[in-house]
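What follows is one structure encoded as structure tokens, with my remarks underneath.
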Amino acid sequence: MFPKLHLLLKFRFLVFASNRHFTRSNSVFRITATYSTICPNQVESPNEEAIEHPRDSIEVFKQWGCCENDLLKIFSRQPSLRNAQATPLLSKLNLLSSLGLTGSDIVKMVNCRPRFFCSRINNCFDERIEFLVNLFGSREMLRKALVRNPSLLTYDFHNTMKPVIALYEEIGISGHDLIAMLISRPTLIPRTSFNEEKMEYIKKTGVLKGSKMYKYVVSLIGISRMETIREKVTNLEKFGCSEEEIWSFLGRSPLILTLSVDKVQRNMTFVLGTMKLSPRVVLEHPFLLFSNLEAVLKPRISLARKLKETELYPQIKGSIMLRALRMTENRFLNVFIKCHPQDVANELLEFYKHAKGLKPLAEASKKTLRKGFPF
């Protein structure tokens, strides 16, 4: 009986030992499997680790194609961009990449709107781009417009941009005319406002829809303040022009509205007081108001008097005077100064340069009150 009992105990011991060994081997296997996380494919692809995320704004702009000179222009115009976070900046540049904008375009945009990258251009981005592409006709035209006016991506899309565009289309400016105004007048969208009085001003100019000047008249009156328009009309009335003549004049030459009251007043005073011309001549020849008083009008009229005193020909008088005032600088010198003998030409040239160098009394110490936007 005892040998059988001994064999039974030995068998139970062997079974128990084998079970413990199997459990330990399974646990070792499970632990090994838990820590085995490296995939063979990842070991053999070092390219992913080679691509580094840009650490700062300098690296972001360099990846975008900006050179050292471009970076200097950007950071001098908006120093805060030097410390801008790389991730948000890169995200905005990636949005702009779909529009075909290059590094040089970015420099121009920052120069035009220094705080452009501080704006949330991702708001309604896709909807805005779709609207603008339909408006400008192509992405290339949109790119040119954005370089000229980056704020097209920052204006309130639903409450400002779309209503203003619809308003101009309702008034009669659309298509290529509206595109030309949006590119040439970057302030068109934020400054536009119309009321009954402004619409009456447009009618007074006598300019009809579809005419060449209509888009200029409407857009300039639209972005101008009411008090500014009244002030400029009153300023011309002081020199003997009737209200009817003034509005007809603005219909033929609407860019007069872009000139400050001070410039118009100084030019009118010189033309009427010194040149002894009538206000009607100014209304017929608006370049007299656009010309630079100190660099063109005064020195050329002084030379005209010098030629008259010395009885040299050709002289600047009558209808020739208006032609002479419109000439380019080189043509004026060739026609009225360099046509004389060398010694006479040198004397006249010295006199002319001296006349151009003269400044009004106390001009250097005069404090100019800057009123900002002339509209």
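Quick note: residue numbers are just sequence positions, from 1. Just so we're clear, the structure is a prediction, and the values are computed from it rather than from any experiment.
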Quick one: does any side-chain atom of [X] pair with a main-chain N or O of [Y] as donor and acceptor, under 3.5 Å?
X	Y	answer
S211	V207	no
S260	K263	yes
E245	S242	yes
S224	L220	yes
K108	R148	no

Atom NE2 of H176 with >12 non-hydrogen neighbours under 6.0 angstrom: no
Is K144 atom NZ crowded by more than 12 heavy atoms from other residues, nucleotides or ligands, each under 6.0 Å away?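 Counting neighbours around NZ of K144, 12 or fewer heavy atoms of other residues, nucleotides or ligands fall under 6.0 Å, so no.
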Can you find a pair of side-chain heavy atoms, one from [X] and one from [Y], that are under 4.5 Å apart?
X	Y	value
V110	F116	no
L101	L93	no
L322	R326	no
T274	T269	no
K62	I58	yes
V282	L277	no
E130	D126	no
E197	R230	yes

Spacing of [atom1] belonging to [X] relative to [atom2] belonging to [Y], to within rounding of 0.5 Å:
X	Y	atom1	atom2	result
K198	R225	NZ	CZ	9.5 Å
L182	L178	CG	CG	4.5 Å
L135	I129	CG	CD1	11.5 Å
F239	S278	CZ	OG	13.5 Å
L132	M141	CG	CE	12.0 Å
L153	C124	CG	SG	12.0 Å

Check [X] against [Y] and note the closest heavy-atom contact, atom names and distance.
X	Y	value
I246	L236	CD1-CB, 3.6 Å
M275	L325	CE-CD1, 3.5 Å
R128	N123	NH2-O, 3.8 Å
G65	D70	O-OD2, 4.4 Å
V335	P314	O-CG, 3.7 Å
R139	V133	CG-CG2, 4.0 Å

Could you give me the CA-CA distance, side-chain angles and deciding distance for R266 and D262, then say whether side chain to side chain contact (heavy atoms under 4.5 Å, CB included) is met? CA-CA 6 Å; R266 287 187 289 109; D262 181 59; 3.1 Å; yes
Could you see if [X] belongs to whatever hydrophobic cluster contains [Y]? Use Ile, Leu, Val, Met, Phe, Trp, Tyr and a side-chain cutoff under 4.5 Å.
X	Y	value
L255	L250	yes
L167	I165	yes
I223	V261	no
L297	I320	yes
V344	I316	yes

Does the pair I189 and K162 meet the rule for a side chain to side chain contact (heavy atoms under 4.5 Å, CB included), with working shown? CA-CA 9 Å; I189 291 178; K162 292 183 72 174; over 6 Å; no
Pair [X], [Y]: side-chain N/O donor-acceptor within cut-off below 3.5 Å:
X	Y	result
S248	R252	yes
E231	T228	no
S97	N94	no
N346	Q342	yes
R185	S219	no

F61 vs I106, side chain to side chain contact (heavy atoms under 4.5 Å, CB included): CA-CA, chis, key distance, verdict: CA-CA 9 Å; F61 283 119; I106 297 300; 4.1 Å; yes
When the side chains of residues 77-85 are checked against the rest of the protein, which donor-acceptor pairs come out under 3.5 Å, sequence neighbours left out?
{"residue": "R77", "atom": "NE", "partner": "N111", "partner atom": "O", "Å": "2.8"}
{"residue": "R77", "atom": "NH2", "partner": "N111", "partner atom": "O", "Å": "3.2"}
{"residue": "Q78", "atom": "NE2", "partner": "S80", "partner atom": "OG", "Å": "2.7"}

Would F194 and Y168 count as a ring pair (Phe, Tyr, Trp, His ring centres under 6.0 Å) if you check the C-alpha gap in whole Å, the side-chain angles of each, and the deciding distance to 0.1 Å? CA-CA 10 Å; F194 285 101; Y168 276 105; 5.7 Å; yes
Show me, pair by pair, the donor-acceptor contacts under 3.5 angstrom made by side chains of residues 283-293, not counting sequence neighbours?
{"residue": "S291", "atom": "OG", "partner": "F287", "partner atom": "O", "Å": "2.8"}
{"residue": "N292", "atom": "OD1", "partner": "E294", "partner atom": "N", "Å": "3.0"}
{"residue": "N292", "atom": "OD1", "partner": "A295", "partner atom": "N", "Å": "2.9"}

What about F336 and Y313, are their ring centers closer than 6.0 Å? no
Criterion salt bridge (charged side-chain N to carboxylate O under 4.0 Å, His left out) on E140 and R143, from CA distance to verdict: CA-CA 5 Å; E140 178 60 24; R143 185 192 68 81; 2.9 Å; yes
Can K204 and E243 be counted as an ion pair, charged N to O under 4.0 angstrom? yes
Go through K232 and E227 one step at a time and tell me if the salt bridge (charged side-chain N to carboxylate O under 4.0 Å, His left out) criterion holds. CA-CA 9 Å; K232 292 181 178 182; E227 56 271 21; over 6 Å; no
Return the set of residues passing side chain to side chain contact (heavy atoms under 4.5 Å, CB included) with P299 (not counting sequence neighbours), or none when no residue passes.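 Only Y352, A355, K356 meet the side chain to side chain contact (heavy atoms under 4.5 Å, CB included) criterion with P299.
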Candidate pair Y214 and L208, rule side chain to side chain contact (heavy atoms under 4.5 Å, CB included), full reasoning: CA-CA 6 Å; Y214 184 73; L208 302 176; over 6 Å; no
